[in-house]
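Written below as structure tokens is the structure these notes are about.
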Amino acid sequence: MKKLKYILIIFCFTFHCSCDSFLDVRPEGEVVNNELFKNAAGFEDAIYGVYSTLAGPSFYGRTMTYNFNDVLSQYFFHDWPGDVTLKICNFEYKDALVRPTVDQIWGGMYKNISYVNNILENLGHHSESSLPLYNVYKAECLALRGFMHFDILRFFCENIVNNPSAQGIPYVDKYDLTVSPFLTAEAAYGRIIGDLKAAEEIMQENGEYFDDADKQNNEFLKDRQIHMNLYAIQGMLARVYWMKGDLKTAAEYAQKILDCKYFELADKSEIEDLINGVLSPKETIWGLFSANFYTNVRADLYLSGGSSSLFLKADHDDTYMADKEGTDYRYEKWFKNYSAIEASGMRCIKVLDTYELNYATRSDARVKGVNMLRLPELYYIITEYYLSIDNQTEAVKYFDKVLVSRGLTGYTDRQGATLTLEKVIQERRKELVCEGQYFFTQKRYNQNIYEPKSGKIYQASNDIYVLPLPENETEYRY
């Protein structure tokens, strides 16, 4: 079974870092390395290893979704004086408790990129005739490389909309000792888009395999939701262009996914069991399989007496009451007030597998894991584009589809209501809780950030929106 193989794979190649640089990567033991990549099974194991690492708690299985990103967005905190989450809430990136997390995002993501570069390098020693899925492997790896660089850039670089010539990040596309130079933000975006477009072109030319029953006898082609499939690539391009400020191109890529007809918005009756520890069969365009996601979520978001318990900020209710007409099923189903010994008070259970919590079995099979890209985000992107060109009618048409699917009254049926960008951003905050995306929305629109526990307003600046580079990195280069 593929999902059993999709676990953390200990790669049969190792890395040696000199001069304490996160980017200085050297392959060791080429005989072992060649042994791993002698056939399709080796390539597939290596690719599964990358996905599995990304699904781990140091990345999107915890830190880079609800545990760091959403703490920055002021959704959560841990109510203990001096706790690291309070320092994160206050953007104290250089604090001794916070610094290891910041350094791990940079160093860990670049290590994952080096894994991908090693796969791509070894693919170059084969041909399409020797590996039937050669193009699939290549496209997925190129897309993963672009995606990982993009998230590093979003964290460690100024908002490109404000400063296109700002120092960006190194773009690492080789598995060797070469130290890649820092690029400008604009140049880094160009490289990211280049990798994603190259991956898109390969998928389009060779088949996207998303719903091809004849091809899915190959285990690697099953469950395309947990792979960088064609639509995941196009959705990521929509996200990249949106962050870059090119709303027209972002909307064009978002529309490609709406037009493909493989995805649809869930009904309001399905909100409770939408992505609670599983990928939505309707809305998830890309997710990471993880059999262990539940363990971290239960400890952090359900249990209320543990050392890692995350509590909702005081303005939680205000978020969902704002601009509310109708019943918001997200507010009704994603938050629950518990009075049990292990969990008390209001808890966010959006991504908690409540079936597993209650030792129950779902009536339908779902893929366990972390949702990385869902359909509502693409509707928001298209809505924002139409608002940017003052087309209220088209903007409302797309925006209403998400509102109605969540149980709310659409703007078409609201007397005298006008849709604004602020309302779309507000809706993003409601929809994207626990997914780690809202902090980048705040950065994209250069918002001031209100910290409700202290009542302090943090003015939009690089101090809150740009993570500091690891000291090792700067010491090595300068």
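Atom set for the values below is all heavy atoms of this structure, side chains included, hydrogens, waters and symmetry mates excluded.
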Flag the pair [X] and [Y] as a salt bridge only when some basic side-chain nitrogen lies within less than 4.0 angstrom of an acidic carboxylate oxygen.
X: D300; Y: R62; result: yes
X: K368; Y: E356; result: yes
X: K333; Y: D273; result: no
X: E431; Y: R428; result: no

Check: Of all residues at least two apart in sequence or in a different chain, which pass the ring-ring contact (aromatic ring centres under 6.0 Å, His included) check with H316?
Finding: Y320, Y331, F335

Margin query: My understanding is that only residues two or more places apart in sequence, or in another chain, count here; which of them pass ring-ring contact (aromatic ring centres under 6.0 Å, His included) with Y355?
Written below: none

Note to self: Are F77 and F311 packed together at the side-chain level, in the sense that at least one heavy-atom pair is separated by less than 4.5 angstrom?
What the structure shows: yes

Checklist line | Side-chain heavy-atom pair W106, L467 within 4.5 angstrom cut-off | finding: no

Notebook entry, point to check: Which atoms form the tightest heavy-atom contact between A40 and Y137, and what is the distance?
Noted result: CB-OH, 3.4 Å

Check: Is it the case that R154 places NZ or CZ above or below the six-membered ring of F439, under 6.0 angstrom from the centre and within 45 degrees of the axis?
Finding: no

Margin query: Does the Lys NZ or Arg CZ of K443 fall within the cation-pi geometry relative to F440 - under 6.0 Å from the ring centre and within 45° of the axis?
Written below: no

Notebook entry, point to check: Any salt bridge (charged side-chain N to carboxylate O under 4.0 Å, His left out) pairs touching residues 128-144, not counting sequence neighbours?
Noted result: E140-R224

Notebook entry, point to check: Is the F399 ring parallel, tilted or perpendicular to the Y380 ring (thresholds 30°, 60°)?
Noted result: tilted

